[in-house]
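This report refers to the structure that appears directly beneath it.
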Amino acid sequence: MDCYTANWNPLGDSAFYRKYELYSMDWDLKEELRDCLVAAAPYGGPIALLRNPWRKEKAASVRPVLEIYSASGMPLATLLWKSGPVVSLGWSAEEELLCVQEDGGVLVYGLHGDFRRHFSMGNEVLQNQVLDARIFHTEFGSGVAILTGAHRFTLSANVGDLKLRRMPEVPGLQSAPSCWTTLCQDRVAHILLAVGPDLYLLDHAACSTVTPPGLAPGVSSFLQMAVSFTYRHLALFTDTGYIWMGTASLKEKLCEFNCNIRAPPKQMVWCSRPRSKERAVVVAWEKRLMVVGDAPESIQYKQLTIQVLLDRLVLRRLYPLAIQICEYLRLPEVQGVSRILAHWACYKVQQKDVSDEDVARAINQKLGDTPGVSYSDIAARAYGCGRTELAIKLLEYEPRSGEQVPLLLKMKRSKLALTKAIESGDTDLVFTVLLHLKNELNRGDFFMTLRNQPMALSLYRQFCKHQELETLKDLYNQDDNHQELGSFHIRASYAAEERIEGRVAALQTAADAFYKAKNEFAAKATEDQMRLLRLQRRLEDELGGQFLDLSLHDTVTTLILGGHNKRAEQLSRDFRIPDKRLWWLKLTALADLEDWEELEKFSKSKKSPIGYLPFVEICMKQHNKYEAKKYASRVGPEQKVKALLLVGDVAQAADVAIERRNDAELSLVLSHCTGATDGATADKIQRARAQAQKK
């Protein structure tokens, strides 16, 4: 059995934590993304792909497919696109997928492909068709901007409260702009577009020409533009190969960079460094990626500082004087005395006329637990001087195992490194050493080393379960661990084998292993699964349909649903399904089919081992009161009241409860009496109770 604490890691001095793999990346795309329209929701949300059949080289008969994935590649929805050609996809802030069609219609789908609603961007868009579209986000919600075939813009700043705005016309615009984007300034959505060397800003009332300050001369066209997520900054890519970066108001220039590439980029987006105010633009071409910052790097050189002075004293081995200066200036220990002592220790290990024991003892007596001093750094210096044993002795004083282990590995003391890593409780560190040992030792020596370290063996088994299944099998074989071998072959029968023969063979191997482990229950269950698989394959060959990998119960249900009752009964006998369970399965399946005639025949075939109340309940679940009443009369006295109440016969239920003189049943019937309709019944119950109390 694996060690239960093997995957816990230390957190400080008194706490531990462990990490789980929450999910794996499941992407399995069959086509290149260049053939798709792609939209990724913000904040790590879902990703939508629409196979683009409207490309000219595609066959007209090919239907597009809309696929929605989680950010990790897990499929969420797949549906055939049955509407018109789509120009653009985008996600709203509420994670609704907006599909902008060529005719100006916008179809809205949920995260799992469920259709939500449809709206139109107006008659003018319908008449002139959509050339291009953008989905954008503002403080008011999510918006859609449209460029029509008439080279006019229409937008709505909030699709949740649709109000269409036809933007002003751009004078002399006869073709599509070379690039355009949406801006949000002063709580109003704008359109910024480029026509040749000119930039135009459209608001709800006017079209105005704008000029980026400090733009390099010679620009005859803007090829790409990008606005930051907050709409505060703007980047422009010109046909001269310059990238201009500034505020989105076009009032301030941040920087300008000549990338020496004149081809238009495929994509240009803003990004920022985490926990930093620095901004940058990422520009992508077919085979090149470039990151441009908003300010040039600068290095400032200062005059001689205290730190430089101390370094010079250390170089001269004037350690006492350097320490006195640190103490006089009251420098923080890490910046002052500790740093000086560390330099002294590195010098000390170079004194080869002193024994390893004496040097290590002297260094420890002088440094002790001084903050900021790394014994591993000093040990590395000793190893660099050819004093491996001294380095090992110094590492004994290093309190951080994460600093000990890498140097021990470098010094080829791998087994000692493994011991230190295990003592630390840091599983990542143990994994690092294990992989190093695996490459360093032959297979037999490696396995023998693991057998002497139970925690390391447990961790390596976990690693093999995900990465090296054959090695895991070898480990189980070496330890004669037949129980785990059986479980291994069970998993392999489903994970690695597709042919039914291969799966059955793997299951047979698993059963043999379970018998060797003296686990007869697991062995018998495995043999039953082999029989079921063979039977399911035979059923598929003879009847068609899908039977493989269904559970035993689902197999019986599928046979009943298909009208193969005799086969279902034979299967239940072969696998000794209890009579009660079979009746439940058949009752549920026939009710799902709404085969009421067959259900009635079945109920009369022999006395029901589950009674007749389940028949009433199932019929009412299917909203068939007529059929339910047939079985209510056959329900036994103990459940008669409940059955009559289920079919709505409150009066008869009251008579039965009164006859049985059961106060709980009388209360139950009374709770079902409503208004004037059941007033007489309620009075009847109250009289019966009064008479019972007199007696």
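The number of heavy atoms from other shown groups lying within 6.0 Å of CZ (Arg531) is above 12. Within 6.0 Å of the CG atom in Asp161, the count of heavy atoms belonging to other residues, nucleotides or ligands exceeds 12. Residue-environment remark: CZ (Arg117) exceeds the threshold of 12 foreign heavy atoms within 6.0 Å. The environment of Arg152 atom CZ is dense: over 12 non-hydrogen atoms of other residues, nucleotides or ligands sit within 6.0 angstrom. The 12-atom threshold is exceeded at CG of Asp114, counting heavy atoms of other residues, nucleotides or ligands nearer than 6.0 Å. More than 12 heavy atoms of other residues, nucleotides or ligands lie within 6.0 Å of CZ in Phe136, so this atom counts as buried by the packing criterion.
Interatomic distance, Asp198 CG to Ser220 OG, rounded to the nearest 0.5 Å: 11.0 Å. Between the SG atom of Cys99 and the CG atom of Leu37 there is a distance of 9.5 Å, given to the nearest 0.5 Å. For the atom pair CG (Leu199) and OG1 (Thr211), the distance works out to 7.5 Å, reported to the nearest 0.5 Å. Summarising the geometry, atom OG1 belonging to Thr555 is positioned 7.5 Å from atom CG belonging to Leu535; distances are rounded to the nearest 0.5 Å. The distance from atom SG of Cys184 to atom CZ of Arg232, rounded to the nearest 0.5 Å, is 12.0 Å.
Annotation: Phe115 is not in aromatic contact with Trp81 [ring centroid separation under 6.0 Å not met].
Between Leu202 and Pro168, the closest heavy-atom pair is CD1-O, 3.7 Å. Listed here is the closest heavy atom pair of His204 and Met167: N-CE, 4.2 Å. When all heavy atoms are compared, the tightest approach of Leu183 to Tyr231 is CA-CD2, 3.9 Å. In terms of heavy atoms, Trp244 sits closest to Pro213 at NE1-O, 2.9 Å. What you find for Pro64 and Arg51 is that their closest heavy atoms are CB-O, 3.4 Å. Annotation for Ile47 and Ala40: closest pair CG1-CB, 4.0 Å, computed over non-hydrogen atoms.
Relative orientation of the Trp285 and Phe237 rings is perpendicular, given thresholds of 30° and 60° on the angle between their planes. Taking the six-membered ring where tryptophan is involved, the planes of Phe229 and His137 are tilted, since the angle between them lies from 30° to 60°. Aromatic ring orientation, Trp27 versus Tyr69: tilted (interplanar angle from 30° to 60°).
At least one donor-acceptor pair under 3.5 Å links the side chain of Arg134 to the backbone N or O of Trp180. Remark: side-chain polar atoms of Gln185 are paired, donor with acceptor, to backbone N or O of Ala248 under 3.5 angstrom. Gln129 places a side-chain N or O within donor-acceptor distance of the main-chain N or O of Leu126, the cut-off being under 3.5 Å. Under a 3.5 Å cut-off, the side chain of Thr247 and the backbone N or O of His233 do not form any donor-acceptor pair. In this structure, Thr182 contributes its side chain and Ile191 its backbone to no donor-acceptor pair below 3.5 Å. Side-chain atoms of Gln101 come within 3.5 Å of backbone atoms of Gly84 as a donor-acceptor pair (strictly under, hydrogens ignored).
The closest side-chain donor-acceptor pair between Glu124 and Thr148, if any, does not fall under 3.5 angstrom.
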Report task. Apply the test side chain to side chain contact (heavy atoms under 4.5 Å, CB included) to residues Leu66 and Leu97: give CA-CA distance (whole Å), side-chain angles for both, the deciding distance (0.1 Å), then the verdict. Result -> CA-CA 11 Å; Leu66 176 63; Leu97 180 62; 4.0 Å; yes
Query raised in the report: What do the steps show when you test Leu98 against Leu89 for side chain to side chain contact (heavy atoms under 4.5 Å, CB included), and what is the final call?
Result: CA-CA 6 Å; Leu98 308 181; Leu89 298 176; over 6 Å; no
Query raised in the report: side chain to side chain contact (heavy atoms under 4.5 Å, CB included) between Arg165 and Val188: does it pass, once the steps are laid out?
Result: CA-CA 12 Å; Arg165 285 170 44 200; Val188 177; 4.1 Å; yes
Query raised in the report: Are Val159 and Phe119 close enough, and set up right, to give a side chain to side chain contact (heavy atoms under 4.5 Å, CB included), and what steps lead you there?
Result: CA-CA 9 Å; Val159 297; Phe119 62 88; 3.7 Å; yes
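With sequence neighbours excluded, the residues forming a side-chain contact (heavy atoms from CB on, under 4.5 Å) with Asp554 are Leu550, Ser551, listed by chain and number.
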